Amino acid sequence: MHDTPAILRAIFDALYRAYGPQHWWPGESRIEIAVGAILTQNTNWTHVEKAMAYLRSAGLLDWKALREIDAAPLAELIRPCGYYRVKARRLKNFVEWLWRNCDGDLDALKQKNLAVAREALLSVNGIGPETADSILLYAVGHATFVVDAYTARVARRHRLIDEAAGYDALKSVFEDNLESDAEVYNEYHALLVAVGKRHCRPRARCEGCPLEGFDHDSDA
DNA sequence: TGCCAGGCCGGGT
DNA sequence: ACCCGGCATGGC
């Protein structure tokens, strides 16, 4: 069976039945989402939450405050999430870029079309495809599918795509076979993370995984 | 006790 | 166009 849209829908339904709505980042401000997207690079989310709490206490979940603090003290605050010196620099790069190009307001990205906004974000040093897509989808509301380590692992393990596929190819699997809709992409990605955390670990076998039996035939 | 986590960059082939 | 080393803490 090679009906990829049908498989993707079936996977979504199975995950939704198992885990329910994820409603990622509902009450969080745009800045929390964007900052979180950078802090979570190659890092467990639980560590990011600790760093975010420090930022919140310091009143730094605010564009102006974040723009004014130096990278060095900022780095100390986000220590728990690892790579803290790089990430402090990346946060500063992003904030400075936002200030100059968007009047310090992510809403300006909503006005631009998706492709333009994405290219603009990718030009910031420290913002790669996943971080850009996370910000665009979860903070701005653009319909762009986020590919992360979980997305890649689930897609490969269930043979939705070739083992060697890169970011853009993985992204296309979902974007070319799902309704282009931010709500759908939001929930789908969150559900992939949910199953990834519980079952789709690097070496672990997928026991009790809601996706058992959803292997896409790749022979043809 | 190692191994790993919701990447990205810069330099080298 | 890839491939690799570097970046770093904390949880299991």
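Given the structure is predicted, the values throughout are model-derived calculations rather than measurements. Residue numbers begin at 1 in each chain, while the letters A, B, ... track the order of the sequences.
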Atom pair distance, as rounded to whole Å: NZ in A:K92 and C1' in B:dC9: 20 Å
Out of B:dG10, C:dT9, B:dG7, whichever nucleotide has its closest atom nearest the side chain of A:Y83: B:dG7
Euclidean distance, atom CH2 of residue A:W45 to atom P of C:dG10 [Å, nearest integer]: 17 Å
Salt-bridge contact A:R157-A:D215 (side-chain N to carboxylate O under 4.0 Å): no
Residue closer to the 5' end of DNA chain C, A:T46 versus A:T43 (nearest nucleotide): A:T43
Touch class at under 4.0 angstrom, heavy-atom based, for A:V147 against every strand present: nothing
From CA spacing to verdict: side-chain contact (heavy atoms from CB on, under 4.5 Å), A:R79, A:K50: CA-CA 9 Å; A:R79 238 184 137 103; A:K50 196 172 290 184; over 6 Å; no
A:T131 vs B:dC8: side-chain N/O to OP1/OP2 distance below 4.0 Å: yes
Phosphate contact (C:dT9 OP1 or OP2) by A:R79 side-chain N/O below 4.0 Å: yes
Spacing between A:R89 atom CZ and C:dA8 atom C1', to the nearest angstrom: 13 Å
For B:dG11, the Watson-Crick or wobble partner whose two distances fall under 3.5 Å: C:dC3
Side chain of A:Q41 (C-beta onward), nearest among B:dC8, C:dA8, C:dG10: B:dC8
P atoms of B:dC4 and C:dG5, separation to the nearest Å: 16 Å
Side-chain H-bond candidate by donor/acceptor type, A:E32 with A:S29, under 3.5 Å: yes
Sugar-phosphate, base or nothing in reach of A:K87, heavy atoms under 4.0 Å: nothing
Between A:E175 and A:S180, a side-chain donor and acceptor under 3.5 Å: no
Interatomic distance where CG belongs to A:N42 and C1' belongs to C:dG10 [whole Å]: 14 Å
Touch class at under 4.0 angstrom, heavy-atom based, for A:I38 against every strand present: nothing
Joint hydrophobic cluster, A:W45 plus A:I31, side-chain heavy atoms closer than 4.5 Å: yes
Any A:K197 side-chain nitrogen or oxygen under 4.0 Å from OP1 or OP2 of B:dA5: no
Test: A:D133 and A:K171 ion pair at under 4.0 Å: yes
A:L122 or A:R153, whichever maps to the more 5' nucleotide of DNA chain B: A:R153
Rounded distance (Å) that lies between atom P of C:dC2 and atom CD of A:E163: 16 Å
Proximity to the side chain of A:E130 - top-ranked nucleotide from C:dC7, B:dG7, B:dA5: B:dG7
From B:dA5, B:dC8, C:dA8, nucleotide with atom closest to A:N44 side chain: B:dA5
Nearest-Å distance once atom C1' is located in both B:dG2 and C:dA8: 15 Å
A:R85 CZ - B:dC8 C1' separation (whole Å): 17 Å
OP1 or OP2 of C:dT9 under 4.0 Å from side-chain N/O of A:Y84: yes
Among B:dG10, C:dG10, B:dC8, the nucleotide that comes nearest once only the side chain of A:P80 is considered: C:dG10
Rounded interatomic separation in angstrom, taking CG from A:L39 and C1' from C:dC7: 14 Å
Integer-rounded Å distance: B:dG7 P and A:H47 NE2: 14 Å
Base partner of C:dA8, which must satisfy Watson-Crick or wobble distances under 3.5 Å: none
A:Y54 atom OH: more than 12 heavy-atom contacts under 6.0 Å: no
Listed nucleotide nearest any side-chain atom of A:R90, set C:dT9, C:dC7, B:dC9: B:dC9
